[in-house]
Amino acid sequence: MIKAVQAVFGLGLLCFAATQAAVAATDISKLPRVKQELVAPPAVPKHDQVAKGGPKVVEVRMETKEVLMEVAPGANVWALTFNGSVPGPLIVVHEGDYVELTLVNPKESTLAHNVDFHAATGALGGAGLTLIQPGEEVVLRWKAVKPGVFVYHCAPGGTMIPFHVISGMNGAIMVLPRDGLKDAEGKPYRYDRAYYIGEQDYYLPNDGKGKFKEFASPAAGMHEMLELAKGLIPTHVVFNGAVGAITGDNALSAKVGEKVLFVHSQANRPSYPHLIGGHADLYWVGGSFSDKPLTSQETWIIPAGTAVAAAYEFHQPGLYVYLSHNLIEAVLMGAALHMNVEGEWNDDLMTQVKAPDSFDAKAAMDH
């Protein structure tokens with residue numbers, strides 16, 4: 001009986017394998033190829049919002065770099081990165097395209113690295129096919145079958161998985177529908193600008209005298225970082241690698257009347273983005289472009305290990321603050337950024353009827 005069941009089960013696997021072979025019979029050699037130039041966040045690569053023509057092979061190249069990075073004054077971390085930034089670059093393709101990644105681990109590296117794409121199907125998101133030692137490179141191709149925004153991260157196995165993720169080795173990919181985004185009524189939605197925000201939690205050991213430790217190599221600090229991380233209380237929660245990374249001269253920009261798409265990822269913990277003075281006109285729950293977006297959200301949710309997308313048309317000029325509305329993490333740990341919007345003020349939307357004697361507008365922007 002058992003052998004009979006095994007035989008039937010084995011036949012099912014053979015049939016399944018045959019079906020997979022048939023599905024995978026696309027002649028890749030006949031598809032057009034394009035090279036996507038990746039850029040450091042919060043910028044996004046040049047892309048078409050609506051696909052032109054049929055599926056393409058989108059070639060991207062990422063290098064795993066181990067970089068000593070300042071998180072805040074007096075606090076440094078051996079950041080494990082894709083292309084030298086935390087987060088790694090945003091990749092943009094369309095549903096039905098093939099992503100062909102060349103992943104390079106320089107010979108100067110001290111650790112093995114790989115990549116798990118949450119958008120991919122099979123082989124641990126590609127992690128099972130991309131593990132490379134220092135001095136090696138690998139090429140992985142996978143088909144983008146789910147539209148939305150998704151996290152990718154390094155996942156070498158065991159305790160190395162959380163260590164690499166909390167050391168900054170994560171990013172996101174946006175898979176646009178071939179006909180572009182749709183609003184809540186199913187109408188085409190085009191954005192004027194797009195920004196990528198990667199939220200990062202760090203766990204930096206203290207020397208017991210009020211100073212953060214600095215280690216000679218990534219592996220040297222691994223044990224203490226992981227022990228600290230077991231408490232689930234980060235020392236820093238930041239946007240794009242460091243406290244204040246997207247403020248001052250590096251603040252985001254837009255103009256009144258422009259529609260801005262925010263892609264926001266958190267590879268390890270939940271987050272609650274909020275735009276002070278604005279909203280999410282559209283919020284794609286869980287980052288899914290297959291589903292109707294919610295509208296008029298004051299704060300939106302990013303589950304752990306997820307990227308989401310939200311869009312807003314700006315109606316007033318001035319300085320905006322985009323932050324995690326866990327205000328402890330935003331104000332005390334660094335999860336905030338600034339955005340400067342140019343344009344004409346609309347008194348009908350807001351006006352100060354009477355100012356107090358002590359009024360100082362700048363004091364209200366201490367985030």
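All figures in this text were calculated on a predicted structure; none of them were measured in a lab. In this chain, numbering begins with 1 at the start of the sequence shown.
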Requested in this report: Examine Y152 together with F150 and report whether their ring centres are nearer than 6.0 Å.
Outcome: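 Centroid distance Y152-F150: not below 6.0 Å, so no.
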message: For H264 together with F239, are the ring centres under 6.0 Å from each other?
response: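 They qualify: ring centres under 6.0 Å apart.
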Would a distance-only check, ignoring hydrogens and angles, find a side-chain to backbone donor-acceptor pair under 3.5 Å from [X] to [Y]?
{"X": "N76", "Y": "E214", "answer": "no"}
{"X": "W284", "Y": "G148", "answer": "no"}
{"X": "W345", "Y": "M350", "answer": "yes"}

Under a 4.0 Å threshold between the charged nitrogen and the carboxylate oxygen, would R61 count as salt-bridged to E63?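 Yes.
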*Could you go step by step and tell me if F289 and L181 meet the side chain to side chain contact (heavy atoms under 4.5 Å, CB included) rule?*
CA-CA 7 Å; F289 292 150; L181 297 180; 3.7 Å; yes
Between [X] and [Y], is any side-chain donor less than 3.5 angstrom from a side-chain acceptor?
{"X": "Q266", "Y": "S271", "result": "no"}
{"X": "H118", "Y": "H153", "result": "yes"}
{"X": "T110", "Y": "E66", "result": "yes"}

Original post:
Are I91 and V138 linked, directly or through other ILVMFWY residues, by side chains that come within less than 4.5 angstrom of each other?
Top reply: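 I91 clusters together with V138.
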Q. Which is it for H113 and M62 under the side chain to side chain contact (heavy atoms under 4.5 Å, CB included) test, yes or no, and what are the steps along the way?
A. CA-CA 11 Å; H113 300 293; M62 293 200 299; over 6 Å; no
Closest heavy-atom pair and its distance - [X], [Y]:
{"X": "A311", "Y": "Y189", "answer": "CB-OH, 3.3 Å"}
{"X": "P87", "Y": "P41", "answer": "O-CG, 3.6 Å"}
{"X": "V308", "Y": "I302", "answer": "CG2-CG1, 3.5 Å"}

Would you say [X] has more than 12 foreign heavy atoms packed within less than 6.0 Å of its [atom1]?
{"X": "L332", "atom1": "CG", "result": "yes"}
{"X": "E227", "atom1": "CD", "result": "yes"}
{"X": "L349", "atom1": "CG", "result": "yes"}
{"X": "K182", "atom1": "NZ", "result": "yes"}

Q) How many angstroms lie between atom OG1 of T64 and atom CG of N105, to the nearest 0.5 angstrom? A)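 The OG1 atom of T64 sits 3.5 Å away from the CG atom of N105.
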Query - Member of V50, L176, V58, D179 meeting the side-chain contact (heavy atoms from CB on, under 4.5 Å) criterion with H94 - result: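 Among the candidates, only L176 passes.
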Where do W300 and L275 land on the side chain to side chain contact (heavy atoms under 4.5 Å, CB included) test, with the steps shown first?
-> CA-CA 10 Å; W300 43 105; L275 179 66; 4.3 Å; yes
Quiz item: Relative to each other, are the rings of Y202 and H236 parallel, tilted or perpendicular (30° and 60° limits)?
Solution: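 Aromatic pair Y202/H236 classed perpendicular.
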Practice problem: Given side chain to side chain contact (heavy atoms under 4.5 Å, CB included), test L261 with L282 step by step and report yes or no. | Solution: CA-CA 9 Å; L261 180 71; L282 301 174; over 6 Å; no
